2 protein chains.
Amino acid sequence: MKLQLQIKMNEALFLRNPESSVLGKKIIQHSIQLIYKNGFETFTFKKLAEDIGTTEAGVYRYFENKHRLLVYLTAWYWGWLEFQITYHTNNLQDPSVKLKRVIKLLATTIEDDEQTSHVNEGVLHQIIISEGSKAYLTKHVGDDNKQLFFKPYKDLCAVVGNIILECNPKYKYPKSLASTIIEIAHFQNFFMNNLPSLTDFGEAKEESVIIAFLNDLVFNSLEKS
Amino acid sequence: MKLQLQIKMNEALFLRNPESSVLGKKIIQHSIQLIYKNGFETFTFKKLAEDIGTTEAGVYRYFENKHRLLVYLTAWYWGWLEFQITYHTNNLQDPSVKLKRVIKLLATTIEDDEQTSHVNEGVLHQIIISEGSKAYLTKHVGDDNKQLFFKPYKDLCAVVGNIILECNPKYKYPKSLASTIIEIAHFQNFFMNNLPSLTDFGEAKEESVIIAFLNDLVFNSLEKS
DNA sequence: TTATAAAGATAGTATTACTATCATAAATAA
DNA sequence: TTATTTATGATAGTAATACTATCTTTATAA
């Protein structure tokens, strides 16, 4: 039996639900490929439409603009990742084992998840690394936040923050440490591959060293405090 | 006597040196204000030109495009900050006192430096927080890197990394920790002001708590390892 | 069968991101 | 001093971007 995993998305993120039609799914699938290939700056709805074999207007019926689409993709990713984390830490008792598992999930490029046919999670993960922060680094972050566009990201941080507190109930900065782990997992990955002298992973270029660095950072803080 | 501080800039960043003329300085000064006010995405050379009282073509004579201008501004900022760090840690013996000083400088919004008349460092610092990472989060980061556009950022990281090593010569991740401190100083600041639930600084909204968090994070790692 | 919703086809507009040209004023070199 | 280079100003033009609007066709549902 094959299960289909559906991430429940904030309705305000789209004009028409892309999960509800073939065209919609194509928009998600091909936008991930296009943004991955050429970057978000040069990505346009026109190019996407040509790629899919529809028209610009067709894409605009689903998403107000390309920034909304990016926010949708990131929100989807955070929702999916929260599910992964809940799933993979489900029966673990020891909170530090849990946290190690979380760090590994955050820092590892996952192979394509068969449960979500139109989303390639591995490629999406790469997009999150390079483009993810652009979803909120805008002047309208406040408005977007009011519409709860970043709720999946916040929920994920809350989950990670709670595991941190389980590890050490006295630790003073669980939320900041959670958002730090998430951001650093991505930034160190980007630096490793693009500006390696900003990291200590120059030759290795493996995600395992990022995981080691994060574990060192996090558990020294939690054991000490 | 008033000293004028000049940051030596990479010549490939501009077509004509903006420090060399009144118009050039106006471009720097007003672009900082405009990007701060409306964000980088909506910033255009046309708006900038109108603001200054010149024409689009006038601005294009100095910078190839707005991304180059952003890279210039960030490079300037990192160069300036490295000078600040060198200056303010000059006579300090104890490396951990030094590192604390560095963290404070990284996380504090500095008031306008009189030595650089056309650059408002406080506003520029805010731009670095919100837009700084967009300078390198592009598909052409490799090309830009080859042209040494990010050298000031790398140099700064190297300086911080060396202080980290002074604190603990056995620490395994000095460069990654250095880039982590720098990025997190900015991200936690952005989150504090825009997505406060991602931090533990919700009510305080003061840079001092970010500094406390960073100190905790860094020195737990350095003392332990 | 009819209504209705989604998609396709086409057109049009304002803005963005440039490039090109020519005139003029200011600085500088012969 | 004049001649010449250099920076700026003024204006025009173009391709691409970021949309909006309308009309027709096709699929689906009542």
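In the text below, chain A, chain B and the rest are named by the order of the sequence lines, each starting its count at 1. Just so you know, these numbers use all the heavy atoms, side chains as well, and skip hydrogens, waters and symmetry mates. From a predicted model like this one, the values you see are computed outputs, not experimental measurements.
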Query - Residue pair L198(B) / C157(A): nearest heavy atoms and the distance that separates them - result: CD2-SG, 3.5 Å

**Report entry** Closest non-hydrogen atom pair between M9(B) and F14(B), with its separation
**Finding:** CB-CE2, 4.1 Å

Requested in this report: Strictly below 4.0 Å, heavy-atom distances to any atom of DNA chain D: list the hits from residues 46-65 of chain A, or just say none.
Outcome: K47(A), E56(A), A57(A), Y60(A), R61(A), E64(A), N65(A)

Requested in this report: Give, ordered by number, those residues of residues 24-45 of chain B having at least one heavy-atom distance below 4.0 Å to an atom of DNA chain C; if nothing qualifies, reply none.
Outcome: T44(B)

**Report entry** Heavy-atom closest pair, residues D51(A) and L34(A)
**Finding:** OD2-CG, 4.1 Å

Requested in this report: Tell me, please, which residues at least two apart from K104(A) pass side chain to side chain contact (heavy atoms under 4.5 Å, CB included).
Outcome: T108(A), I211(A)

Query raised in the report: With Q126(A), which residues qualify under side chain to side chain contact (heavy atoms under 4.5 Å, CB included), at least two apart?
Result: Y36(A), T109(A), I129(A)

Report summary line: So the salt bridge (Lys or Arg N to Asp or Glu O under 4.0 Å) pairs with at least one residue in residues 25-48 of chain B (sequence neighbours excluded) are E41(B)-K134(B)

**Report entry** Side-chain donor or acceptor of S130(B) paired with backbone N/O of I127(B) under 3.5 Å
**Finding:** no

Requested in this report: Could you state the atom-to-atom distance from CG of L70(A) to P of dA18(D) in whole Å?
Outcome: 13 Å

Query - Distance-minimising heavy-atom pair for I164(A) and A178(A) - result: CD1-N, 3.7 Å

Query raised in the report: Are F191(B) and Y136(A) close enough that their ring centres sit under 6.0 Å apart?
Result: yes

Query raised in the report: Pick one: which of Y77(B), W78(B), W76(B), W80(B) meets ring-ring contact (aromatic ring centres under 6.0 Å, His included) with Y153(B)?
Result: W78(B)

Query raised in the report: chain A on DNA chain C: first and last contacting nucleotide, 5' to 3', under 4.0 Å to a heavy atom?
Result: dA6(C) to dT10(C)

